[in-house]
Amino acid sequence: MDLLTIIIILLVTYYTGSIIEKKHFKKIKKREIALYNRPYVNFQIKKWSSSRKVASAELVTGEVVISGDYFKTFIAGLKNLFGGRLTSFESIMDRARREAILRMREKALNANMIINVKLETMMINDINSGKQGSLPGVAVIAYGTAITYAKK
Amino acid sequence: MQRNSSDYNSQKAKFIEMLDDNVNISKTSDGKEFLYLVSAILVILLGVYIFSDVISGIIVNNLSVKNRLAIEQIFKFQQQENEDKKYETELVQLNKIKNEIIRSDKSLQIKNDFPLHVINEREVNAAIAPDGSIFITSGLLKELKNEQTYAFILAHELGHYKHKDHLKSFGRQIIWHTITTILTGGNSSSGVGQITYSTGSLTELKYSKNQEYAADRYANRYIKLRYGSNKAAVDFFKYLDKKYDMPEFVHYLSTHPSPEQRIQKITQ
């Protein structure tokens, strides 16, 4: 009976997880294309100069907390034995990073550009805590300085 | 200006193309990887299972009688609540049958006694503990009254004892658990741990089907010699088949083979 429960949970979470992931990627892609011509760069403000007058420079942030599903965690657990890339978590990391950057950029829609973009991550839940049902979650924070030029 | 705009468009097209295919996007699908990893682990576990089965078989077969009895004492079943007083007349009859079986077989005489107990349970069942105690459910005594059937059931249980089936399954489990604990690091919450522990419950099915067939053959041979026919055994399996009407596939996962298969094996 134990085995059956695990198989059912795996099937369900594989199905739901892949649907959610596909939807998320689709959304991310749409938003990235929409923001295509709004620059965001990661050089420092000291090295930047402009002939235009800057009206404001303010901090913009975007955070996202994202978790792997049961299925992805299960595969990662299996990989423990053989080693290798945790590909099931790579897609989660990809989603988290892009989502965080997008949120930051969407916060600065009125600005002309974002400079000095930085990314930070942290684990929300430890996979090695040994507790049953603990899911690995990752938080990504993107922050930068939004520059708005003065109107001519 | 014209040139700039076409540059811009081709850059944008390149960018959109890159969104779906870049170094950060893994090419392997989760489902495929899952199947690959699980099948690899199952192959390893099958190897471990066969290994522990063979090794425990070799060890148990070479056990001396003295060591065997000593080990069996360790695995003594805790005394269950029994209803011996209520079924005294049946117990006298059963003991008589049991003693006849033991007298007919020298390899059962290494032990002084196989105590018989009746336990209060409606299900029709019987079991033998590693220390030789035989348990019979009150449901069995109520439903079946035939002496030859009793002889078949008792001989079947004593057949398990004669073939050292319980010791073999203990040995198998000890080796199995040792190896899988080393493999998983004792962590049952990881993916590997979950697979090994849940497949491990399948290895704990008390006796394998082959062991059941062997015990059936032993009991069948006995009642054929003693009573001249194995009609009682066939009737008993037909009765079980009727009582527990289960679809055939359920039997693959259960401890005992299906009654139909058991009839086939003893009549051939």
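Lettering of chains follows the sequences in order, A, B, ..., and the numbering in each one begins at 1.
By the 6.0 Å contact criterion, OH on A:Tyr149 is enclosed, its count of non-hydrogen atoms from other residues, nucleotides or ligands being greater than 12. Atom CD of A:Glu120 has 12 or fewer heavy atoms from other residues, nucleotides or ligands within 6.0 Å. The neighbour count for A:Asn110 CG, taken as heavy atoms of other residues, nucleotides or ligands under 6.0 Å away, does not exceed 12. Other residues, nucleotides and ligands contribute more than 12 heavy atoms inside 6.0 Å of the OH atom of A:Tyr36.
Using a 4.5 Å cut-off on side-chain heavy atoms (C-beta onward), A:Leu10 and B:Phe34 make contact. For the pair B:Leu19 and A:Arg98, the minimum side-chain heavy-atom distance is below 4.5 Å.
If you take OG1 on A:Thr13 and CG on B:Asp30, they are separated by 10.5 Å, rounding to the nearest 0.5 Å. Note that the OH atom of B:Tyr36 and the CG atom of A:Leu78 stand 12.0 Å from one another [nearest 0.5 Å].
A:Thr148 is linked by a side-chain contact (heavy atoms from CB on, under 4.5 Å) to A:Ser56, A:Ala111, A:Asn112, counting only residues two or more places apart in sequence or in another chain.
Across every non-hydrogen atom of A:Arg85 and B:Glu33, the tightest pair is O-OE2, 4.2 Å.
For a heavy-atom cut-off of 4.5 Å, chain B lies close to A:Lys29, A:Glu32, A:Ile33 in residues 16-33 of chain A.
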